[in-house]
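A short write-up of the structure that comes next.
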Amino acid sequence: MPENKKFADKTSALPEHVAVIMDGNGRWATERGLKRSEGHKEGAKKVPVVANALFNAGVKTVSLYALSEENFSRPQDEITGILERIEEFIAAFPKLFKEGSVRLRFLGSVEKAGEPLCSVIGQAEKDTLFCSPFTLNILLGYGGRAEIIRAARLLSEKNEEFTAENFEKELYTSGLSDPDLIIRTGGEKRLSGFMPYQSTYSELYFCDTLFPDFGEEDISAALSDYSGRNRRFGKI
Ligand code: IPE
Ligand code: IPE
Ligand code: MG
């Protein structure tokens with residue numbers, strides 16, 4: 001079973017890699033008669049809460065879907081607001097997590113964030129390169145199909161053999177395990193481009209809570225639900 005080999009011993013009650021599709025900020029604000037940007041501000045406050053809850057539970061890798069490639073077609077002021085929240089998050093990062101314990105990675109067409117954020121991101125990735133044991137991935141300007149096409153192009157440019165192993169090295173997620181559990185807040189039951197290659201055997205958990213209302217109890221509920229799943233990976 002070559003391509004699913006990395007799942008082979010993943011029958012643990014605790015997921016190693018958890019992803020969160022952080023959806024519902026806009027509706028949270030609209031319901032309160034506020035501008036959508038206020039929803040993103042409130043959602044941003046939950047990012048360290050959610051990541052720390054997962055790390056404290058023993059999850060090693062957390063991937064947060066912050067901005068998709070398609071989201072760039074939203075009004076410019078909304079995008080600017082989201083990018084400002086990301087810049088604030090990076091500035092606060094050393095205070096938000098246990099010192100030296102979290103490696104920060106950004107996955108996606110990060111250059112679309114423009115300068116100076118792009119350089120700030122590069123510096124944060126360098127500064128945390130040797131931090132362990134946790135990894136926090138922020139998906140920014142991420143598109144699942146774009147990631148696959150990019151990886152295929154990079155691999156063909158290298159003139160290397162087209163194997164799963166070589167191909168996976170060219171994905172944004174190179175070196176990471178695949179997500180065991182994908183949580184989506186905000187009630188929609190779809191992945192909206194989230195890691196199509198890596199999610200083939202992920203467990204999916206959908207909850208109605210809008211992301212600004214999402215917190216430690218929701219994380220506990222999702223982890224508890226996961227612990228009761230029966231992952232078979234095509235076997236009997
Ligand atoms: C936040 O949720 C996720 C992003 C795309 C930035 P939304 O902004 O999509 O909120 P809703 O779905 O409109 O409520
Ligand atoms: C998915 O949310 C992307 C992020 C959470 C960043 P969207 O709100 O963009 O997804 P759709 O449009 O409802 O599918
Ligand atoms: Mg949405």
Side-chain angles (χ1 to χ4, degrees), residues 1-22 47-48 50-66 68 93 97-98 100-108 110 121 124-125 128-140 142-148 150-152 154-155 160 162-185 191-206 219-220 222-235:
M1 38 173 280
E3 69 271 36
N4 292 321
K5 196 162 181 286
K6 49 189 164 170
F7 286 116
D9 53 1
K10 292 281 192 64
T11 48
S12 158
L14 183 71
E16 185 180 312
H17 181 173
V18 175
V20 185
I21 301 175
M22 308 185 290
V47 167
V50 166
N52 273 315
L54 288 164
F55 292 144
N56 290 337
V59 172
K60 288 286 183 327
T61 303
V62 173
S63 295
L64 303 178
Y65 202 3
S68 72
F93 187 79
F97 298 94
K98 192 167 160 260
S101 68
V102 183
R103 178 178 175 191
L104 186 59
R105 275 174 78 160
F106 283 81
L107 318 182
V110 174
I121 287 171
E125 289 185 321
T128 62
L129 190 59
F130 300 107
C131 292
S132 71
F134 304 114
T135 300
L136 178 60
N137 304 306
I138 306 287
L139 281 76
L140 200 178
Y142 177 89
R145 289 183 179 174
E147 179 186 33
I148 291 170
R150 174 182 175 273
L154 291 172
L155 185 54
E160 279 176 19
F162 227 100
T163 61
E165 197 189 352
N166 285 340
F167 182 76
E168 286 162 16
K169 282 187 197 145
E170 306 302 336
L171 294 170
Y172 291 123
T173 49
S174 172
L176 297 167
S177 63
D178 291 337
D180 299 296
L181 171 65
I182 300 174
I183 299 168
R184 181 170 186 145
T185 67
L191 295 178
S192 302
F194 184 85
M195 293 192 188
Y197 184 91
Q198 300 87 337
S199 65
T200 51
Y201 271 96
S202 301
E203 296 296 324
L204 308 180
Y205 181 87
F206 298 103
I219 290 292
S220 297
L223 293 177
S224 161
D225 189 274
Y226 175 88
S227 69
R229 303 280 179 105
N230 183 2
R231 304 185 75 187
R232 287 186 290 278
F233 306 104
K235 297 183 198 165

Checklist line | Phe55 and Val102: CA distance, side-chain angles, deciding distance, side chain to side chain contact (heavy atoms under 4.5 Å, CB included) verdict | finding: CA-CA 9 Å; Phe55 292 144; Val102 183; 3.9 Å; yes

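- With hydrogens and angles left out, the side-chain atoms of Tyr197 and Glu147 include no donor and acceptor closer than 3.5 Å.
- Evaluated for a side-chain contact (heavy atoms from CB on, under 4.5 Å) with Met195, the options Leu139, Thr200, Leu171 yield exactly one hit, Leu139.
- Relative ring orientation between Tyr65 and Tyr142 is described as perpendicular, the plane-to-plane angle rising above 60° on a 0-90° scale split at 30° and 60°.
- Within the 4.5 Å cutoff, the side chain of Phe167 has heavy atoms near those of the Ile148 side chain.
- Taking every heavy atom of both residues into account, Gln198 and Pro179 meet most closely at O-CD, 3.6 Å.
- Inspection of the Arg105 and Thr128 side chains reveals no N or O donor paired with an N or O acceptor under 3.5 Å.
- Heavy atoms from other residues, nucleotides or ligands lying under 6.0 Å from CD of Glu160 number more than 12.
- Counting only heavy atoms from C-beta outward, the side chains of Ile183 and Ile21 never approach each other to under 4.5 Å.
- Taking 4.5 Å as the limit, some side-chain heavy atom of Ser199 sits within range of a side-chain heavy atom of Leu191.
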Next item on the list: Evaluate the criterion salt bridge (Lys or Arg N to Asp or Glu O under 4.0 Å) for residue pair Arg231 and Glu203; output intermediate values, then yes/no.
Entry: CA-CA 8 Å; Arg231 304 185 75 187; Glu203 296 296 324; 3.6 Å; yes

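- Centroid-to-centroid, the aromatic rings of Phe134 and Phe97 stay 6.0 Å apart or farther.
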Next item on the list: Using the side chain to side chain contact (heavy atoms under 4.5 Å, CB included) rule, take Ser202 and Ile182 through it: C-alpha gap first, then chi angles, then the decisive distance, then the call.
Entry: CA-CA 7 Å; Ser202 301; Ile182 300 174; 3.7 Å; yes

Next item on the list: List the steps, then state whether salt bridge (Lys or Arg N to Asp or Glu O under 4.0 Å) holds for Glu16 with Lys60.
Entry: CA-CA 5 Å; Glu16 185 180 312; Lys60 288 286 183 327; over 6 Å; no

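- Within a 6.0 Å sphere centred on CZ of Phe162, heavy atoms belonging to other residues, nucleotides or ligands number more than 12.
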